[in-house]
Amino acid sequence: MAPVQDRDFGASSDLESPFGELGCQLSEGDLRETAYEIFIAACRPSAGRSTLTYIPQSEKAAEKPERSLSVSPSLQKSLTSAAASKMKKALGLRSSSKKTHNSPSRSKKPQTIGELMRMQMNVTEQTDARVRRALLRISAGQLGKRVEAIVLPLELLQQFKSSDFSNAQEYQAWQRRNLRILEAGLLLHPLVPLERSHSAAQQLRQILRGADDKPIETGKNSEAMQLLRSSVMSIARRSPDGSTSETCHWADGFPLNLCLYQMLLGACFDSGEETAVIDEVDEVMELMKKTWTLLGINQMLHNICFTWVLFKQFVITGQIETDLLGAAETQLLEVAKDAKTEKDPLYVKVLSSTLSTIQGWAEKRLLAYHDTFQASSISLMESVISVAIAAAKTLVDDISHEYRRKRKEVVDVARNRIDMYIRSSLRTAFAQMMEQVDSRRRSFKKQQNPPPALVILASDIGDLAIKEKEYFSPVLKRWHPFSAGVAVATLHSCYGRELKQFLLGVTALTPESVQVLLAANKLEKDLVQIAVEDSVDSEDGGKGVIREMTPYEADAVIAELSRTWIKERLDRLREWVDRNLQQEVWSPTANKDRYAPSVVEVLRIVEETLDAFFDLPVSQHSDLLPDVVVGLDRALQRYVSQTKSGCGTKNNYLPLLPALTRCSTGSKFQGVWKKKEKSPSTQKRKSQVGSTNGSESLALPQLCVRINTLHHIRTELEQLEKRISFGWKTDLLNKSNESLKLASLATGSVAEAKFELSHKGSKEGIQDLCESAAYKVVFHDLSSVLWDGLYMGGTASARIGPFLEQLESNLEIIANTVHTRVRTRVLTALMKACFDGFLLVLLGGGPSRAFLKYDSEMIEEDFVALKDLFKADGDGLPGELVEKAAMPVAAILPLYSTDTDQLIENFRYAVCQANGLSSGKSKLPLPPTSGVWSPTEPNTLLRVLCYRNDEGATKFLKKTYNLPKRL
């Protein structure tokens, strides 16, 4: 089986013994050799007959046995036909892939259990022979004594001298080992606690210190040996109950006993193939039980120690044999059964330490399982989890009694641990991604604008979530039903923290911030989808996991940032509107189209704002568009309002009508009246005309530029609205109407958006400016020839010619300045102003004007000339439009050719009708000025009478209303 190529998984340096340190200089080789001596000693029969007779073939010819002994049946058992191991089968262990005991490292194949153990424990034939000879001598000298009644290292020390070893150094090393074993078993880790002041203990310490400098003389009659034996036996025969017994306690103190026992258990692993357990494990294990009495081992301690040895062997051999891990898990089941019944403090200590070590090693990998395992090692991961959970359950359920008493409900240990593994490992993986994201970003260096770090991170997290779902979650789901949900919730939380930190520094919508938010939004949807799918069969449908995933609300953040962006752009636009309008001079020569340069700049900013808006990589264009359009609309409406502001209105230029007077008859009257009244009336009229000062910016050309500007706004808004309606895609604008509809359906056009305020304001503004310009021309610019000239002092001498001449020059200005699309509206307004001015001259021109009946023909001719000017022989306004506008004047003109008596009669009738009086009423009320002129309206008829140069009219006005002849 090939080793698993996972980072750091092969390391065993972090696997410390759960039994603790011995605190003395004993190597594994020292412990193994001592354990082998104990094993050989324990396997001898307790009867008086000699037993241990194995002698290597190389020594049989050179050495005679001191005594002819029978062979121990257990150790002599033949290996020629080993049966299948029941233990291996129960533990799920495989057989060795090599031929049994045929490793190239071995010089020959073992024939017996004894020889197998020697080979497995790496003991040389010479050492084995020496030990067996010593045991024979010990047996002979202490006939009938059980092995637990002697202190084996002490007896061995007395059996050999330096001459029994190949050199003095070997002997000294051997002696030091046995002395350190005595130190460990009697002084450092005795079964029965030892007081520091114990005399034998003090004596033994002194002897051991002396032995560090000089080897002890171990002869039978040696004083040093006698002192050693005395102190050793005094300590070893102490019993837990305080009495002295025949049993010697020198190897059964914790942790020495377990350290020695695990050396024996290590022999169960094939020395030629360390990941395999020998086929003879049943027989070997049965023999090991003989050491239990001497080592103070029972079945429960054996189960713990064997579990540890299996687990340790799995680790130190590179974790390539999952059968060993499975066997350790099986043993843990036995340990769990023991833990429910055995409450001995020492046992609990060993159990807790061992399980904690196993759990700690496993969880170190599981808490970062993304680093530890790959897709190829998922089965290994499952085995490691099984062992970790089994250890954790025993620790929690059977050892942590205090914890169990305090908890109010049953704790699902497995689920809690898996939950912890998932969250820890994914946080670790996330932290590593964070560290690598900058280098990942540099890998996009070929791109002109590499994606932001959080965009790359979101992509990597998405890949990790998929990997988690496909590989790890199916395994983890065995212990945690919502493992994938917990995983994505953890990733969601990790990324959420980084996103929140990022957004703290985001105050405006930028391409980077939008990319990050869109990536976060996609990641969140993917993670939530995994969580939902993972918990589809749960009772709550995964609501618990989903609630844990606090929404990023990326769409809301984008919308808010977009609104902030929109506000900033609109504020900037309003500033531009005000700045450009302050600098605008409304010059008709500023450009060939004769509209204001400021509107070009403002509309450019509007278009740039829309360009930038539709370039934003956001999905809420249709939702945010109304905010953009409304803001732009208000800014443009501000421009429209300022464009027409201060230009006056129609009513600003209309003069106040003078008080009614009756006309004086005779030519002398007219001349005198004209001479005396012209100047005062003119002075008074001028003070009443218009509210503007006639500044250059309000001259007719400038007003025409303003009208063109508003028309340009309307035209451009139509194009903007069309582009907006198709998602700002200019290529769609060139399509035919039918193609345009199809393109709209295909592309999913943005909802219609209208610049309603600007449209309405521009339309009304054009109308207002047309009227303002028209009435300014008629009642302000041409007042000297209309109000101060037309029919002043006499109809025949003050005809309309001069007015028409000056009016025509203004018409040329309009024709050369105003855009063709709105020129008709300006001319129409000017025409109506002229007609209104003509009527005001006739009906409210003041006492300087008087009309004879025969003047009506000249008046008619003048009005026809005025109409013809606007018709311009077919090149001007349409005839029907002119005639329609002239109808109010045309209806009044016949009154000037009507007889005075008829006018008086018509007036009486109209007043009576208006006031509900009888026609014979002599006292008539003075009709008010309505300003709506009509041949049947009382005030209109009264004014015709007031300006009638006729004696009858004058008498009627004197008698009826006592009107004066002068103002």
Side-chain angles (χ1 to χ4, degrees), residues 17 19 26-44 52 54 56 72 74-79 82 85-88 91 93-96 98 100-103 105-125 127-129 131-132 135 147 152 181 251 256-292 294-295 297 301-317 321 323-324 327-328 331:
S17 172
F19 309 137
L26 284 170
S27 65
E28 279 196 11
D30 295 336
L31 292 173
R32 187 181 300 107
E33 195 166 339
T34 300
Y36 181 74
E37 292 168 352
I38 291 173
F39 176 77
I40 296 298
C43 287
R44 69 175 185 168
L52 303 176
Y54 168 74
S72 170
S74 303
L75 296 175
Q76 190 190 22
K77 184 174 180 180
S78 173
L79 298 178
S85 169
K86 293 180 180 179
M87 181 178 292
K88 289 178 70 173
L91 294 175
L93 294 168
R94 67 177 181 84
S95 297
S96 173
K98 302 177 182 180
T100 308
H101 317 304
N102 195 22
S103 171
S105 62
R106 291 178 176 147
S107 59
K108 64 176 182 176
K109 181 177 179 181
Q111 300 298 316
T112 65
I113 293 293
E115 189 175 1
L116 173 63
M117 279 299 290
R118 178 189 67 77
M119 288 181 158
Q120 286 293 104
M121 297 191 74
N122 201 26
V123 175
T124 65
E125 292 185 4
T127 299
D128 178 64
V131 171
R132 291 175 185 273
L135 288 175
V147 70
L152 186 58
I181 289 293
L256 177 62
N257 57 343
L258 295 182
C259 290
L260 291 169
Y261 190 60
Q262 82 170 308
M263 292 298 142
L264 291 174
L265 291 174
C268 296
F269 299 100
D270 194 329
S271 59
E273 188 178 358
E274 292 181 329
T275 59
V277 173
I278 59 176
D279 292 336
E280 298 80 13
V281 65
D282 295 19
E283 292 87 345
V284 169
M285 200 70 77
E286 192 63 32
L287 288 178
M288 286 183 191
K289 288 183 180 180
K290 296 180 181 293
T291 67
W292 285 9
L294 194 150
L295 294 173
I297 303 294
L301 286 173
H302 163 80
N303 289 341
I304 294 175
C305 201
F306 190 42
T307 300
W308 168 249
V309 169
L310 286 169
F311 179 77
K312 179 183 178 184
Q313 192 69 13
F314 162 74
V315 174
I316 65 176
T317 55
E321 186 52 71
D323 286 354
L324 289 175
Q331 274 297 110

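Note that these values count all heavy atoms, side chains included, but never hydrogens, waters or copies made by symmetry.
Using a 4.5 Å cut-off on side-chain heavy atoms (C-beta onward), L135 and V131 make contact. You'll find the side chain of L264 reaches within 4.5 Å of the side chain of M121, heavy atoms only. When side chains are defined from C-beta on, M263 does not count as touching T34, because their heavy atoms never get closer than 4.5 Å. Counting only heavy atoms from C-beta outward, the side chains of F306 and L91 approach each other to under 4.5 Å. Using a 4.5 Å cut-off on side-chain heavy atoms (C-beta onward), T291 and I297 make no contact. Under the 4.5 Å side-chain criterion, counting only non-hydrogen atoms from C-beta, M288 is in contact with C268.
Side-chain contact of D128 with Y36: a donor-acceptor pair under 3.5 Å is present, judged by distance alone. Side-chain N/O atoms of E274 and T317 include no donor and acceptor closer than 3.5 Å.
Within the model, atoms CD of E37 and CZ of R32 stand 13.0 Å from one another, a figure rounded to the nearest 0.5 Å. Here the straight-line distance linking atom CD of Q262 with atom CD of E28 works out to 7.5 Å at 0.5 Å rounding. Atoms CG and CG, from L116 and D279 in turn, are 10.0 Å apart once rounded to the nearest 0.5 Å.
E321 places a side-chain N or O within donor-acceptor distance of the main-chain N or O of D323, the cut-off being under 3.5 Å. Proximity of a side-chain donor or acceptor of T127 to a complementary backbone N or O of V123 within less than 3.5 Å is not detected.
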Exercise for the section: Would you please test V309 and Y261 for side-chain contact (heavy atoms from CB on, under 4.5 Å) and show each step? Expected result: CA-CA 10 Å; V309 169; Y261 190 60; over 6 Å; no

Handout entry: Intermediate values then yes/no, side-chain contact (heavy atoms from CB on, under 4.5 Å), V277 and D270
Key = CA-CA 6 Å; V277 173; D270 194 329; over 6 Å; no

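Summarising the geometry of I113 relative to E280, their closest heavy-atom pair is CD1-CB, 4.3 Å, with the distance given to 0.1 Å. Residues V284 and M117 share a closest heavy-atom pair of CG1-SD, 3.4 Å. Taking all atoms of both residues into account, the shortest heavy-atom contact from L152 to A41 is CD2-CB, 4.0 Å.
Of the candidates N257, L256, L258, L260 forms a side chain to side chain contact (heavy atoms under 4.5 Å, CB included) with just one, namely L256.
Aromatic ring orientation, W308 versus F311: tilted (interplanar angle from 30° to 60°).
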